[in-house]
Amino acid sequence: MQIDQAIFTSSQRGRIQGYQLVAKSTGIDAGLSQKLSRWCPSQLPEGDPDQVIWSAFPLGETHFGLARSFCAGPEYSRRGEKRIMTRIAVLREEHFEAFEQDYSKLIHTLAGLGYLRLPLEFSSKLPVLQLPPTPFFALPSRAPGKERASSDIIASLQQGHRCAWIGDDSPLARIAEWTPALSQDCRRRLSFSTGLALSQHRPFQIHFLPQLDASTTSALQRRSIELWNHN
């Protein structure tokens with residue numbers, strides 16, 4: 001199966017400067033480009049410069065985005081700021097259904113194939129990615145003693161609530177654990193980030209956060225996002 005891809009990062013192209021979609025394959029039109037730009041970050045949380053953050057989101061009714069964000073060296077402006085790059089796989093409905101509408105299976109497969117990594121170089125026209133018909137995937141083990149918490153958050157997700165899951169160092173394992181219990185409609189509208197900061201432009205249904213401070217707690221409460229503690 002062939003899937004489209006795109007790159008969002010800081011760039012200076014003529015009179016256009018700053019973060020933008022700088023490269024894409026031929027199946028991504030102007031409408032999809034605008035939707036992709038909405039979900040992509042210009043900053044990552046402070047801390048580990050080698051951190052990688054995954055996110056997933058629907059792109060209307062027939063497309064789905066799966067993104068990997070990371071630091072890609074200094075910004076072009078030479079102001080000492082880090083340049084953040086996000087590489088996105090754009091899936092059509094048939095791709096999503098072939099992987100049982102399970103983002104964790106798609107992530108393990110894309111990562112296993114070496115896709116969505118920092119490129120040594122690239123042009124504005126990207127090739128399509130080749131996706132196998134079946135996933136590369138191994139089920140993670142369930143964290144002991146967390147069955148009740150997982151059951152409760154699944155019920156909240158089914159009802160369309162937004163949730164923040166705090167203190168879990170294996171967020172993709174939680175996605176793999178929760179997805180089979182979600183309805184097909186819930187899987188189709190599901191969106192999550194494994195660490196991006198809160199933003200009104202990126203209304204993820206699940207925010208995985210390593211810890212809470214007073215400012216983040218207040219921001220979650222203002223947005224009516226439920227707090228769930230993994231520990």
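Along the sequence shown, residues carry numbers from 1.
- Side chain of Arg83 to backbone of Gly73: no donor-acceptor contact under 3.5 angstrom is found.
- The minimum heavy-atom distance linking Tyr115 with Gln130 is given by the pair OH-O, 3.0 Å.
- Summarising the local packing, CD of Glu226 is surrounded by more than 12 heavy atoms from other residues, nucleotides or ligands at distances under 6.0 Å.
- Annotation: the span from Leu106 atom CG to Gln101 atom CD amounts to 10.5 Å, rounded to 0.5 Å.
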(request) Starting from the C-alpha separation in whole Å, work towards a yes-or-no answer on side-chain contact (heavy atoms from CB on, under 4.5 Å) for Thr26 and Lys125. (result) CA-CA 7 Å; Thr26 56; Lys125 295 182 180 180; over 6 Å; no
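- To the nearest 0.5 Å, atoms CG (Leu196) and CD1 (Ile84) are separated by 10.0 Å.
- The cluster map of Ile, Leu, Val, Met, Phe, Trp and Tyr, joined by side-chain heavy atoms under 4.5 Å apart, puts Val128 and Val22 in different clusters.
- Contacts classified as side chain to side chain donor-acceptor pair (under 3.5 Å) and involving residues 209-225 (residues at least two apart or in different chains) are given here: Asp213-Thr216, Ser218-Arg222.
- Among residue pairs with one or both ends in residues 53-73, those qualifying as side chain to side chain donor-acceptor pair (under 3.5 Å) are Ser69-Thr86; sequence neighbours excluded.
- Taking both residues in full, the closest heavy atoms of Ile88 and Cys40 are given as CD1-SG, 3.7 Å, listed atom of the first, atom of the second, then distance.
- Rounding to the nearest 0.5 Å places CG of Leu32 at 6.0 Å from CG of Leu59.
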(message) As a quick check of understanding, evaluate side-chain contact (heavy atoms from CB on, under 4.5 Å) for Ile175 and Ile107, giving each step before the final call.
(response) CA-CA 11 Å; Ile175 293 297; Ile107 288 173; over 6 Å; no
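- Atom CD in Gln51 sits 8.5 Å away from atom CD in Glu46 (nearest 0.5 Å).
- To the nearest 0.5 angstrom, Arg87 atom CZ is 11.0 Å from Thr9 atom OG1.
- With Trp39 as the fixed residue, the ring pair (Phe, Tyr, Trp, His ring centres under 6.0 Å) test singles out one of Phe57, Phe64, Phe8: Phe57.
- Under the ring pair (Phe, Tyr, Trp, His ring centres under 6.0 Å) criterion, Tyr103 pairs with Phe96, Phe192, not counting sequence neighbours.
- By the 6.0 Å contact criterion, CD on Gln184 is open, its count of non-hydrogen atoms from other residues, nucleotides or ligands being 12 or less.
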(message) Test side-chain contact (heavy atoms from CB on, under 4.5 Å) on Leu220 and Leu212; report intermediate values, then the result.
(response) CA-CA 10 Å; Leu220 291 168; Leu212 283 179; 3.7 Å; yes
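- Applying the salt bridge (Lys or Arg N to Asp or Glu O under 4.0 Å) rule to Arg92 yields the partners Glu94; only residues at least two apart in sequence or on another chain are considered.
- Rounding to the nearest 0.5 Å places CD1 of Ile7 at 5.0 Å from CG of Leu126.
- Closest non-hydrogen pair, Met1 versus Pro133, comes out as CE-CA, 4.1 Å.
- Residues meeting the ring pair (Phe, Tyr, Trp, His ring centres under 6.0 Å) test with Phe99, sequence neighbours left out: none.
- Here the closest non-hydrogen pair linking Gln158 and Ala181 is NE2-O, 3.4 Å.
- Among residue pairs with one or both ends in residues 188-206, those qualifying as side chain to side chain donor-acceptor pair (under 3.5 Å) are Glu93-Arg188; sequence neighbours excluded.
- The shortest heavy-atom contact between Ser104 and Leu172 is CB-O, 4.1 Å.
- Pro41 has its side chain out of reach of Ile53: every pair of non-hydrogen atoms, C-beta onward, lies at least 4.5 Å apart.
- A distance-only check finds no donor-acceptor pair linking the side chain of Gln5 to the backbone of Ile3 [under 3.5 Å].
- Between Asp4 and Gly27, the shortest heavy-atom contact is OD1-N, 3.1 Å.
- Judged by distance alone, the side chain of Tyr19 and the main-chain N or O of Ser37 form no donor-acceptor pair under 3.5 Å.
- In this structure, Leu113 and Pro132 have side chains that are in contact, with non-hydrogen atoms separated by less than 4.5 Å.
- Taking 4.5 Å as the limit, every side-chain heavy atom of Pro135 sits out of range of all side-chain heavy atoms of His108.
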